[in-house]
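Please read the structure below before turning to the comments.
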Amino acid sequence: MNYDFKKIEAKWQKYWAENQTFKAENNSDKEKFYVLDMFPYPSGAGLHVGHPLGYIASDIYARYKRHQGFNVLHPMGYDSFGLPAEQYAIQTGLHPAVTTSINIDGCLDAAGNILPKYLNVDDSIKNEALIDKTIATSKKDENYQENIIKGYRKQLDKIGFSFDWSREVRTSNPDYYKWTQWIFIQLFNSWYNKDSDKAEDIATLIALFEKDGNATVNAVSDEDIPVFTADEWNTFDPKKQQELLLQYRLTYLAETEVNWCPALGTVLANDEIINGVSERGGHPVVRKKMTQWSMRISAYAQRLLDDLNTIDWPQPLKDSQTNWIGRSQGASVTFKVLPLTPSEGGGTDSSSPRYYTGNSEIYGILLERAKEMRKNPTAAEAKLWDELRNRNLNDKFRRQHPISNYIVDFVCIEKNLIIEVDGEIHQYQLEKDDERELLLEQKKGFTVLRFSNDDVLNNIEAVIAKIEKKLSSLSSGEGWGEVDLDRGIEVFTTRPDTIFGVSFMVLAPEHELVATITTPEQKAEVEAYIQATAKRSERERMADVKTISGAFTGAYAEHPFSKEPIPVWIGDYVLAGYGTGAVMSVPCGDQRDYDFAKHFNIPIPNIFEGVDISEEAHADKDKTVIANSDFLNGLPYKKAMKLAIYELEKLGQGKGKINYRLRDAVFSRQRYWGEPFPVYYVDGMPQMIATEHLPIALPVVEKYLPTETGEPPLGNATVWAWNTVTNKVVDNSEIDNATVWPLELNTMPGWAGSSFYFNRYMDPTNTEAIFSEDAMNYWQDVDLYIGGSEHATGHLLYARFWQKFLFDKGVVPKKEFAKKLINQGMITGTSAFVYREEESGQIISKGLIDGKIVSPIHADVSFVNASDELDIEAFKNWREEYKDAAFVLEDGKYIVGREVEKMSKSKYNVVSPDSICEDYGADSLRLYEMFLGPLEQSKPWNTAGITGTHGFLKKLWRLYLEDNGAKFTDAAPTKDNLKTLHKTIKKVAEDIENFSFNTSVSTFMICVNELSAQKCTSKEILESLAILVSPYAPHIAEELWEQLGNTTSIATAPFPKFDASHLVESSKEYPISFNGKMRFKLELPLDLSKEEIEATVMAHEKTIEQLQGREPKKVIVVPGKIINIVG
RNA sequence: GCUCGAGUGGUGGAAUUGGUAGACACGUUGGACUUAAAAUCCAAUGGACAUUAGUCCGUGCGGGUUCAAGUCCCGCCUCGAGUACCA
């Protein structure tokens, strides 16, 4: 009997499928074990040998655990929403669901023939069934199968994985994304309570608002939410309440600056951008303000960081998550700033800057008084304030706001409009009103509207109408954004201890204060600078770190302690997106600040004791003592830091703060092929569809491109409105803004569906719940997760975030979804090159190049054999241009050059697992992929080496069977047999548990080599060996197991028990070293004492010969290990 | 720049707590079988000198610790991955 791997593998694959051998039970007395692979995006190109690497490793582990008696969950599915299917839809109009299903299920029937539905009448094959769609292919072509999509599932099945296919999920199936939508709704209905440090239902927040307003609420929320009382909350109209709640929800709609990729027509998350261009396609990305759904992942920043310590994941992966979260501890400090007023024309005498109000002393007094006045408004003021806020005017008003030397009642800063309400309380001011109005209107360019208390109280409609009319007639001040001047400039610093070293401040060019504080003299320069930086793309800005640029705003801030004026600059080395977009610059302690100061001739005060800063900044903090810093003098870093924060807090100008780099994740994509949001809009406010009406299925569209008006592809759908009475998706024409409302047009990003699939596998067909409690309580979490390291900051961070959220909500029992994670390395390709001499056009064998000028040309690796010889005929037939090429051979052969490159179609070095299975079998492939090297390392593929593992399998086979049949007997195993076997059991078990799969393949080879040499025929030994091999080479193991007389699958046969007694040795061949160098070996009994060993060795003739009469200084004897003679 | 990994024969790699460097394979060379090829089997295979023992050199480079270093320590070099003005 020969080792007919084709027959054997087909037989057992069929057996496993028919008997559902690997179906995991949700009710079992056995202990659970959950082995998971990162599920793939099913692309049309199919698998190459690099893809199954991790699947093979996890499959070995899963099978090993079954042998150990565990109930193993080992599922597989598809992350089937994604761009390629959508792009194909844009080109051809074919629905992405069709493409997706072709890519998974393939176009061949069970017998391997193309399914009729992919054939045209003339036997040409439909484009969607082709791998390379640019090559027209017909059924009449001899090798037409090579260009047909086989389907992921078929390819996976051929490798013999022990997946439980009954649990397959596809993220693009409505019965799956129903639960993606469900989780979204849970997030929407939750807020993050910092007091309980977890997500809570939004109802608990509403209860707090109703009772106490929002002043005492300790939540992760948007910044700048106005403070309101319970009374105010209760009188807000529902829309206002919804707006406010949205600022607290864990997923929220907000206008944010997003990464917009014009070429892809969508926004991208930070992790989808590599080096300033899109990860997919490498298109440029620009910043753009858009209203988008966001996920408040920042609420979980600290927990995501802390819990990294609880999981066994690779350190580099943890490091990059730590990096990405980017925690830094320091302080937020507010610098008061008062821009020079236009009338007072700052900058004419820049050596003596003058502050905003003309006298900074009274600013503080004004502020105090303003606050007091806000607390005690007159009836008219209160009424007008309510109206101004609730009318939904396009412009924002502030009340009791300091402007110049005065406090005005209401001001709209964007439009420079002041509204004054005259009442009795203000009688004392009346005489000054004229003077005041003159100043405000004529010198500062404000418009003042004046109403009486009476007007407001009795004729509010007329008052509002007047205000609206005035507002519409006024143009906005150029770029005078919303600014809260009371706040000053807030910065974040990790070094509050160096606050006395501040000699300037720098704002990001995009900072909202820039326009407000810039003096007229500096306006032109600042605007020019802003324009110049805006023009530079993100990429240029990142690439060019060297060039120092910036502009002075003309404004000065006040040092919180010294009260010295500090010039305020803008510069693009300060990023708008990090911290507050502003820094206090300490040039003596920060190299960037130092460079900036040097470049613009700004003083660099030294605040470090005994440190020279003439050449560069001094960033060290551990051994440095602070000097020239008033109350911080003489203190080391940590103490100075604490004291500085303490003093800042006393001033009310700062507090200790922890800052995270992690930003909230944008969750909207302007794509078709993604999960629709279960959201409709009532008066522009998002409403969740009740969970019992899920899923909201993707609508039919005619075109997959954005609409002409720039709306996302779902804007093309004609049936895409929500009827709140029937709870159905209905035709857009029915939208009446009463009971039928428009649905959300964005879809969810790729990571939505992959952020909980590992939990869904536990109960994948449940239609009542995302999974049953029983299933969740049994399976708990993933014990082993294997996948690529490219998901370090994307999928793996988002999935952890959702898991923590679901944990807070009591949906899952574990804070982390995967205990152990392994990143498999990449398999690179070994490209083959032929060399064409430029001059003669001859193609020269590698060994004969020798100084000739040649250009290397990629040759398809399938034309090259194990000895690097080229199949010249095949190469000639490959391309028309090589048909008549002349070859210069060495020894009658053409030898190609080899180089390791990424495996890719364009390099003609792709090897598909299908062809390997065809030629050598799945077991050979599995063994070889493992044999290549450590799982986590990247390593080159070279098909030639597979003969090694294939040869091993043949040798294994021959140990059991020969031409006439069985070789095994009931003979008792010999001592040597047992020793070999138990050595192997020990090593293989250890290897699997250490994920060192490459070494166990060697161990098997050694074992089979030894047993062959021992002519072992003992059935007892061979049965155990079959089980040992079965996780790695399951098909041959099953076949041998059956040949040995077993009638059930080997899959759950108990793993052989290691018995150390078989390895006990009575003697050891000691290496005898002289001065650390091994010279000869000597067999000695292990029960000798140190002294006996030394005496025997010293008396040995070879020792005497080595020593040549010298007296050894020392003899080291390590019993059981080594003997070293020194001297 | 910073963070993390990794450098061992012609190639992939092994050496689990410092203790025989190069296991196991590929490739190469020679041999057996064969008309021949394939397949299979046997032998050799880190380098240099000697080829009968034998000697010297060898784990990216330079130091160090130790009876003993691929393994530990210090300083460099190269390659790969991640990150990128993060205040």
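All chains are named by letter (A, B, ...) in the order of the sequence lines, taking the proteins before the strands, and each is independently numbered beginning at 1.
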Apply side chain to side chain donor-acceptor pair (under 3.5 Å) to E490(A) and T580(A), showing your working. CA-CA 6 Å; E490(A) 195 190 336; T580(A) 60; over 6 Å; no
Name all residues meeting the side chain to side chain contact (heavy atoms under 4.5 Å, CB included) criterion together with S328(A); count only those two or more places apart in sequence or in a different chain, and write none if there are none. F492(A), T494(A), Y578(A), N659(A)
When rounded to the nearest Å, what value does the distance between C1' atoms of U40(B) and G47(B) take? 33 Å
What integer distance in Å separates D593(A):CG from A87(B):P? 11 Å
At less than 4.0 Å, is any side-chain N or O atom of R592(A) found next to OP1 or OP2 of C86(B)? Yes or no. yes
Rounded to whole angstrom, note down the P distance from C76(B) over to C4(B). 15 Å
Dot-bracket notation for RNA chain B, counting Watson-Crick and G-U pairs under 3.5 Å, with | for partners on another strand: (((((((..(((......[....)))((((((.......))))))((((....))))..(((((..]....))))))))))))....
Taking only side-chain nitrogens and oxygens of T793(A), does any of them come within less than 4.0 Å of OP1 or OP2 of G82(B)? no
I'd like to check L953(A) versus Y920(A) (side-chain heavy atoms, cut-off strictly below 4.5 Å). Are they in contact? no
Look at the side-chain N and O atoms of R1079(A) and state whether any lies under 4.0 Å from the OP1 or OP2 oxygen of C56(B). yes
Roughly how many Å is it from CG in N1075(A) to P in C56(B), rounded to a whole number? 11 Å
Span that lies between the P atom of G80(B) and that of G30(B), in whole angstrom: 38 Å
Contact class for R327(A) (heavy atom, under 4.0 Å): base, sugar-phosphate, or nothing? nothing
Atom NZ of K1114(A) and atom P of A68(B) are separated, to the nearest Å, by 9 Å
What distance, rounded to whole Å, do you find between the two C1' atoms, one in U66(B) and one in G19(B)? 12 Å
Same-atom distance (P) from C79(B) to C74(B), integer angstrom: 23 Å
Considering only atom C1', compute the distance from U28(B) to G9(B) and round it to an integer number of Å. 13 Å
Contact string for nucleotides 3-31 of chain B, one letter per nucleotide 5' to 3', B = base within protein heavy-atom range under 4.0 Å, S = sugar-phosphate only, - = neither, reads -S-------BSS-B--BB--BBSSSS---
Atom-pair distance (CD1 on I1093(A); P on C67(B)), nearest Å: 20 Å
What side-chain donor-acceptor pairs closer than 3.5 Å can you find for residues 589-599 of chain A, not counting sequence neighbours?
unit_1  : atom_1 : unit_2  : atom_2 : d
D590(A) : OD1    : R592(A) : N      : 2.8
D590(A) : OD1    : R592(A) : NE     : 3.2
D590(A) : OD1    : D593(A) : N      : 3.1
D590(A) : OD2    : R592(A) : NH2    : 2.6
Q591(A) : OE1    : A617(A) : N      : 2.9
Q591(A) : NE2    : D595(A) : OD1    : 3.0
D593(A) : OD1    : Y573(A) : OH     : 2.5
D593(A) : OD2    : V586(A) : N      : 3.0
Y594(A) : OH     : K598(A) : NZ     : 3.2
Y594(A) : OH     : I613(A) : O      : 2.8
Y594(A) : OH     : S614(A) : O      : 2.9
Y594(A) : OH     : E615(A) : N      : 3.4
Y594(A) : OH     : E615(A) : O      : 3.4
Y594(A) : OH     : E616(A) : N      : 3.4
K598(A) : NZ     : S614(A) : O      : 3.4

Give me syn or anti for G9(B), where syn covers glycosidic angles within 90 degrees of 0. syn
Just grab all the side chain to side chain donor-acceptor pair (under 3.5 Å) pairs involving residues 1113-1127 of chain A, residues at least two apart or on different chains. none
With the side chain counted from C-beta on, respond yes when N909(A) and T830(A) share a heavy-atom pair under 4.5 Å apart, and no when they do not. no
Provide a list of protein-nucleic acid N or O atom pairs under 3.5 angstrom, restricted to nucleotides 44-51 of chain B.
none

Evaluate the side chain to side chain donor-acceptor pair (under 3.5 Å) criterion for residues K955(A) and N1009(A): first the C-alpha distance (whole Å), next the side-chain angles of each, then the deciding distance (0.1 Å), finally the verdict. CA-CA 8 Å; K955(A) 206 165 172 182; N1009(A) 288 346; 2.7 Å; yes
Whole-Å gap separating C1' (C85(B)) and CD (E616(A)): 17 Å
Strictly below 4.0 Å: does K954(A) bring a side-chain N or O up to OP1 or OP2 of U40(B)? yes
Spacing of K1113(A) atom NZ relative to A68(B) atom P, expressed in whole Å: 10 Å
Between A87(B) and G12(B), how far apart are the two P atoms, rounded to whole Å? 41 Å
Could you check A582(A) against G951(A) and say which one's nearest nucleotide on RNA chain B is further toward the 5' end? G951(A)
Could you tell me whether the side chain of I1072(A) reaches within less than 4.5 Å of the side chain of K1102(A), counting heavy atoms only? no
Whole angstroms only, please: what is the CG-C1' distance between N823(A) and A81(B)? 11 Å
Begin with the C-alpha distance, continue with both residues' side-chain angles, and end with the deciding distance and a verdict on side chain to side chain donor-acceptor pair (under 3.5 Å) for S549(A) and Y529(A). CA-CA 9 Å; S549(A) 66; Y529(A) 182 69; 2.7 Å; yes
Please lay out, stage by stage, how Y928(A) and H950(A) fare under the test ring pair (Phe, Tyr, Trp, His ring centres under 6.0 Å). CA-CA 8 Å; Y928(A) 187 53; H950(A) 188 64; over 10 Å; no
Whole angstroms only, please: what is the OH-P distance between Y3(A) and U40(B)? 13 Å
Give, for atom CG of L1011(A) and atom CG of L981(A), the distance between the pair rounded to the nearest 0.5 Å. 7.5 Å
For the atom pair CD (E929(A)) and CZ (F997(A)), what is the distance rounded to the nearest 0.5 Å? 13.0 Å
If I pick the P atom on A37(B) and the same atom on U45(B), what distance separates them, to the nearest angstrom? 26 Å
One should read off an interatomic distance between L507(A) CG and I489(A) CD1, to the nearest 0.5 angstrom, of 4.5 Å
Among the nucleotides C67(B), C86(B), A87(B), whichever has the atom closest to the side chain of R661(A) is C86(B)
